[in-house]
Amino acid sequence: EVKLVESGGGLVQPGGSLRLSCAVFGFTSSDYWMHWVRQAPGKGPEWVANIKQDGSEEYYVDSVKGRFTISRDNAKNSLFLQMTGLRAEDTAVYYCARGSGWVSDYWGQGTLVTVSS
Amino acid sequence: IVLAQSPGTLSLSPGERATLSCRASQSVPKNYVAWYQQRPGQAPRLLIYTASSRATGIPDRFSGSGSGTDFTLTISRLEPEDFAVYYCHQHAYAPLTFGGGTRVEMK
């Protein structure tokens, strides 16, 4: 069974940092692109970043470029999102998702990040 | 690519047909448009990719069509579990984008 489990969310002050993790089960992560997608309360999903199977390519939405870094550890079937310079508008549930190409076909249940003083 | 979904809300009864629209601000290469269903408190669930291909395990009452800039998700006969929010998504260019959603509510 394909399963993705996010962790690392929480409450952080504006300007702070947080590192999200995603553990994957039921498939070999090195075979797939991986994505982070977020959803602010009451809003639609917003794609954040993705990373190629071998980590050689990364893409980001403009609003997080220079602040967020996506990475992966295929040996541990894990995906990460390092977030710095956090802003109130980064408050959202963050989902990791498996990419079948660039389509996110399986999603985790998400981890909530709240940026507030 | 900006995606505009219409209508914002669709009020229908079980057994009725639902037709949801998604219009892109420019042509989507290879019709790389997907549709997701999201129920309250759950992650989005992939229904359709590349405009018309059903994802694994998706019932055949869900179908997608369209090309270029205009795409449609059709639910042929609404079941109680189909009342949810639906999002279209282009998976052609970075930044990948989602539409604003259509809520299908029970009349």
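Note on naming: letters A, B, ... go to the chains in the order of the sequence lines (proteins, then strands), and numbering restarts at 1 for each one. Since this is a predicted model, take the numbers as computed values, not measurements.
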Problem - Contact leader toward chain A among B/Ala34, B/Ala94, B/Gly99, where contacts are heavy-atom pairs under 4.5 Å - result: B/Ala94

Exercise for the section: Give the C-alpha distance, both sets of side-chain angles, the deciding distance and a yes or no for side-chain contact (heavy atoms from CB on, under 4.5 Å) between B/His91 and A/Trp47. Expected result: CA-CA 10 Å; B/His91 52 98; A/Trp47 173 83; over 6 Å; no

Exercise for the section: Report the relative orientation of the aromatic rings in A/Tyr94 and A/Phe68; use parallel for angles under 30°, tilted for 30 to 60°, perpendicular for over 60°. Expected result: tilted

Handout entry: Heavy-atom pair with the smallest gap, counting every atom of A/Pro45 and B/Pro44
Key = CG-CG, 4.2 Å

Exercise for the section: Could you tell me whether the side chain of A/Cys22 reaches within less than 4.5 Å of the side chain of A/Ser78, counting heavy atoms only? Expected result: no

Practice task
State yes or no: are the ring centers of A/Tyr59 and A/Trp102 separated by less than 6.0 Å?
Solution key: yes

Fill in the blank from the handout: Note: vs chain A, highest number of non-hydrogen pairs under 4.5 angstrom among B/Thr56, B/Leu96, B/Leu46 is B/Leu96

Completion exercise
Bottom line for B/Gln38: the part with an atom under 4.5 Å from chain A's heavy atoms is side chain

Practice task
Kindly determine whether B/Arg39 and B/Glu81 satisfy side-chain contact (heavy atoms from CB on, under 4.5 Å), including the steps that lead there.
Solution key: CA-CA 9 Å; B/Arg39 297 175 178 137; B/Glu81 61 268 26; 3.6 Å; yes

Handout entry: Ring center gap for B/Phe71 and B/Trp35 short of 6.0 angstrom
Key = no

Completion exercise
One option among A/Gly44, A/Ser104, A/Gly101 has the most heavy-atom pairs under 4.5 Å with chain B, and it is A/Ser104

Practice task
Could you tell me which portion of B/Tyr86 (side chain, backbone, both or neither) has an atom closer than 4.5 angstrom to a non-hydrogen atom of chain A?
Solution key: neither

Practice task
With a 4.5 angstrom heavy-atom cut-off, could you sort out which part of B/Ala55 is near chain A: side chain, backbone, both or neither?
Solution key: neither

Handout entry: Contacting region of A/Glu46 [heavy-atom separation from chain B under 4.5 Å]
Key = backbone

Handout entry: Selection from A/His35, A/Lys43, A/Gln39, A/Gln109 maximising heavy-atom pairs under 4.5 Å formed with chain B
Key = A/Gln39

Problem - Residue part contacting chain B, namely of A/Val48, when any heavy atom lies under 4.5 Å - result: neither

Exercise for the section: Select one option (side chain, backbone, both, neither) describing which atoms of B/Tyr32 are under 4.5 Å from chain A's heavy atoms. Expected result: neither

